[in-house]
Amino acid sequence: MDASYTKSRLYALRHSAAHLMAQSVLQLFPDAKLTIGPPIENGFYYDIDFGDTKITEEDLAKIEEKMRENAARDLPIVKEVLTREEARKRILDLKQDPYKLELLDDIPPEEEISFYTQGEFTDLCRGPHVSRTGEIQHFKLLNIAGAYWRGDERNKMLTRLYGTAFETKEELEEYLHNLEEAKKRDHRVLGRQLGLFMFSPNVGSGLPLWLPKGAVMREVLTDFLRQAQLERGYQPVVTPHVGNAKLWEISGHLHTYRDKMFPIMDDGREQFLLKPMNCPFHIEIYQSELRSYRDLPIRYAEFGTVYRYEQSGELAGMLRVRGFTQDDAHLFVTPEQLLDEFKGVVDLMLVVLDRLGLRDYSVRVGTRDPEDDKYVGADENWEQSEKAILQACEDLGLAYQVSPGDAAFYGPKLDLMIKDALGRTWQMGTVQVDYNLPERFQLEYIGEDGKPHRPIMIHRAPFGSLERMIGLLTEQYAGAFPFWLAPVQVAILPIADRHIPYAERVRAELLAHRPGLRIQLDDRRLTLGKKIAEAQSNKVPYMLILGDRDEEAETVSVRSREEGDLGGMCVEGFAAMLPAD
RNA sequence: GCCUUUGUAGCUCAGAGGUAGAGCAUCCCCUUGGUAAGGGGAAGGUCACGGGUUCGAUUCCCGUCAAAGGCUCCA
């Protein structure tokens with residue numbers, strides 16, 4: 001949230017709406033305990049402990065009704081500053097312990113302690129608020145969710161009530177309308193409509209099945225990246241989906257990552273794991289020979305499918321699945337090469353983003369959370385690698401934000417973050433510096449001095465995963481993919497059966513001009529309008545309509561997805577007007 | 001995993017304590033057509049699965065599975 005929002009009247013209005021909701025909740029459920037209730041990007045929420053009472057959507061409607069009554073009372077909202085002792089007493093009087101007392105204890109000594117009161121309702125709160133409840137006119141409660149106290153799953157689960165509020169009725173209605181519109185761009189809806197991918201309960205939760213058109217998109221994307229990587233000195237490798245559990249014991253995954261892995265397979269002699277990451281395999285390849293400093297950097301790339309046993313409640317269409325293909329690579333570099341190689345990777349990521357037409361992304365540098373002990377490796381290595389990442393960002397002029405606690409357990413990283421149709425942020429591409437695995441696997445190269453040295457690893461995936469990337473691209477483009485990515489690029493629509501032979505000729509000629517062009521010839525006996533409607537809803541970039549007139553003149557009638565009827569032209573002319581790639 | 005919600009034909013959805021309907025898609029027939037859906041007919045459902053209440057459950061209750069929105073965690 002940017003500063004202009006947090007200082008805006010809208011922000012205060014939503015904050016006050018949260019209070020209005022809390023007031024109404026206490027009228028209906030006097031034993032409820034309030035915790036925190038802030039404004040958020042598109043509205044507000046309040047986390048409330050309802051004890052053993054289950055809150056349902058019917059209650060939400062009642063609460064909203066009560067809110068309208070309290071707004072109509074047009075109560076003044078009054079601020080009051082208390083001392084810490086007075087505040088403690090007030091909270092106990094209001095029966096809002098223990099949560100509010102905990103919050104009170106967190107307020108630093110130099111900060112003032114304020115309460116806001118409207119009618120019989122008083123809440124510990126930093127403010128600011130609007131001046132009267134009557135100002136809160138255009139709001140709606142949206143949904144109920146569970147949320148852990150202080151965001152920690154070891155704590156009690158509270159009930160979170162979400163709502164939104166706006167200055168005007170029009171803005172509220174527009175927001176609700178946009179929510180509906182966003183649902184139409186949902187990749188799960190479009191994925192089915194466009195025949196890209198599916199899930200089947202018979203296969204398993206979070207395990208996608210790629211349909212022919214989605215599989216084509218995967219190939220287009222991998223071909224593109226494979227080429228870009230070849231140009232940058234990457235070498236392809238291929239490794240299995242399963243491997244001996246010992247590998248992950250050495251890597252530390254079994255210790256740190258166990259609950260994210262599918263259960264161990266045990267044949268009584270050996271134990272195997274479905275790989276959650278490709279790194280140990282690439283490391284084995286690195287170690288298959290004695291390496292010289294002259295060999296480095298080594299860049300092993302693999303479109304590797306990995307399996308992670310994500311919590312069931314976390315799965316989200318293609319954006320979070322349990323089996324996915326990373327456009328993975330591991331770079332083995334000397335300390336002197338680290339910065340340049342890191343920059344090279346980020347540069348490749350920017351090329352990829354540009355190609356995909358993704359402009360609206362943010363860069364997050366994930367560093368260690370000093371409070372957390374999940375991280376492995378020496379402090380000086382962490383410091384060095386965090387420094388290298390920040391240096392690379394500076395050198396490349398990237399706008400980034402540092403996010404403590406978002407590092408991988410083995411090293412800091414740089415992530416590309418992109419929003420989906422519903423405004424949720426997802427991590428896409430990632431680059432991670434790793435001193436830990438080289439240590440654990442005792443990786444070495446022989447340096448100029450003839451002595452063994454330890455390389456540094458860089459893990460990186462510009463797409464992140466094909467699943468997430470294609471899911472996200474589907475939402476970004478609302479299914480109308482750019483020409484080079486469209487699963488079907490040209491639909492040939494003969495008007496009547498007698499035009500099919502001509503359609504076949506046109507297809508052959510078009511392929512001669514543009515080898516590999518993805519053409520679909522619709523030779524079904526349907527009306528032209530029907531064929532166009534179908535091709536249009538499948539978002540095919542170009543349609544070629546072929547009837548008597550075209551056959552006679554040796555032309556094709558072109559219809560574009562965006563611009564409609566473009567008129568007749570010869571096949572060569574059409575081939576020439578197609579986008580270059 | 002936890003909280004809330006949902007699960008009816010391939011898809012989108014309607015329905016009610018007494019044994020289920022529409023549109024689209026599918027199949028057949030007619031239509032050979034010029035820029036977003038020609039006409040007619042047929043077929044298609046253990047109402048997610050398993051228990052319970054009831055004379056009777058797809059409908060009410062419990063459990064399981066799956067999905068959605070959150071929370072915690074990650075490409």
Side-chain angles (χ1 to χ4, degrees), chain A residues 45 47 50 54-57 59-60 142-162 179 183 186 188-189 192-193 198-202 204-206 257 259-260 276-277 304 306 308-328 366 374 406 408-409 413 415-416 422 424 426-430 432 459-469 471-472 493-500 525-537 543-550 557-560 564-568:
Chain A
Y45 69 80
D47 283 348
F50 283 94
K54 300 269 181 214
I55 298 302
T56 67
E57 299 205 333
D59 296 312
L60 211 56
L142 296 172
N143 40 42
I144 305 171
Y148 300 104
W149 168 236
R150 311 223 134 177
D152 189 329
E153 66 181 330
R154 289 166 298 196
N155 287 342
K156 177 158 188 184
M157 179 157 283
L158 309 168
T159 303
R160 176 172 295 181
L161 306 179
Y162 279 97
L179 274 185
K183 283 184 194 155
D186 189 317
R188 289 165 294 207
V189 175
R192 164 162 283 291
Q193 260 172 36
M198 60 173 282
F199 291 89
S200 163
N202 298 327
S205 200
Y257 214 75
D259 58 337
K260 281 290 166 70
M277 293 175 175
V306 297
R308 298 184 186 175
Y309 198 74
E310 300 292 345
Q311 298 190 90
S312 57
E314 267 311 300
L315 302 172
M318 283 302 215
L319 299 180
R320 182 171 286 107
V321 292
R322 282 179 170 166
F324 57 96
T325 303
Q326 291 180 313
D327 52 332
D328 207 2
K374 74 172 178 180
D406 276 319
F409 73 84
K413 57 181 188 160
D415 297 321
L416 293 171
L422 292 176
R424 297 174 296 196
W426 297 91
Q427 177 187 323
M428 309 302 292
T430 181
Q432 313 176 350
H459 310 242
R460 44 108 279 179
F463 295 149
S465 78
L466 288 165
E467 285 70 16
R468 187 174 282 178
M469 183 50 83
L472 198 111
L493 313 180
I495 290 175
D497 288 357
R498 65 175 179 279
H499 306 121
I500 291 175
R525 282 188 53 177
L526 298 172
T527 56
L528 178 64
K530 182 87 171 167
K531 289 182 182 182
I532 290 173
E534 212 167 286
Q536 192 73 38
S537 58
M543 293 165 230
L544 299 183
I545 290 144
L546 305 182
D548 293 335
R549 296 204 296 260
D550 306 283
S557 293
V558 180
R559 183 188 160 99
S560 119
D565 193 352
L566 298 180

**Prompt:** Going by 5.5 Å between centroids and 30° between planes, is there a stack of A/F324 over B/rA75?
**Reply:**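 Whether judged by distance or by angle, A/F324 passes, so it stacks on the base of B/rA75.
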**Message:** Between B/rA9 and B/rG44, how many Å separate the two P atoms, rounded to a whole number?
**Reply:** 15 Å
**B/rC71 and B/rC13, which share atom name C1', separated by this distance in whole Å** =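 Nearest-Å result for B/rC13 against B/rC71 at atom C1': 31 Å.
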**Request:** Decide yes or no for A/Q432 and A/R460: does some side-chain heavy atom of the first lie under 4.5 Å from some side-chain heavy atom of the second?
**Result:** no
N or O in side chain of [X] less than 4.0 angstrom from [N] OP1/OP2:
{"X": "A/K530", "N": "B/rG34", "result": "no"}
{"X": "A/Q432", "N": "B/rA75", "result": "yes"}
{"X": "A/Q427", "N": "B/rA75", "result": "yes"}

**Asked** Just wondering, are more than 12 heavy atoms of other shown residues or ligands nearer than 6.0 Å to OH in A/Y309?
**Response**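 Not more than 12 within 6.0 Å, no.
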**Item:** Among B/rA75, B/rA66, B/rC71, the one nearest A/P201 by side-chain distance
**Value:**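 For the A/P201 side chain, the nearest candidate turns out to be B/rA66.
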**Message:** Checking contacts here: which listed nucleotide (B/rA75, B/rA36, B/rC71) is nearest the side-chain heavy atoms of A/A147?
**Reply:** B/rC71
**Asked** Less than 3.5 Å between a donor and an acceptor, one on the side chain of A/D565 and one on the base of B/rG34, is that the case here?
**Response**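 Per atom types, no contact qualifies.
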**Prompt:** Hey, does A/R188 reach any base, or is it just sugar-phosphate, or nothing, if we go heavy atoms under 4.0 Å?
**Reply:** sugar-phosphate
**Message:** Classify A/K54 by what it touches in the nucleic acid, base, sugar-phosphate, or nothing, heavy-atom distance under 4.0 Å.
**Reply:**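 Contact class for A/K54: sugar-phosphate only.
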**Message:** Can you work out whether A/D406 or A/Q536 has the more 5'-proximal nearest nucleotide on RNA chain B?
**Reply:** A/Q536
**Asked** Does a side-chain N-to-carboxylate-O contact under 4.0 Å join A/D548 and A/R498?
**Response**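 Looking at A/R498 together with A/D548, the answer is yes, because their closest N to O distance falls below 4.0 Å.
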**Item:** Whole-Å gap separating C1' (B/rU6) and CG (A/L315)
**Value:** 17 Å
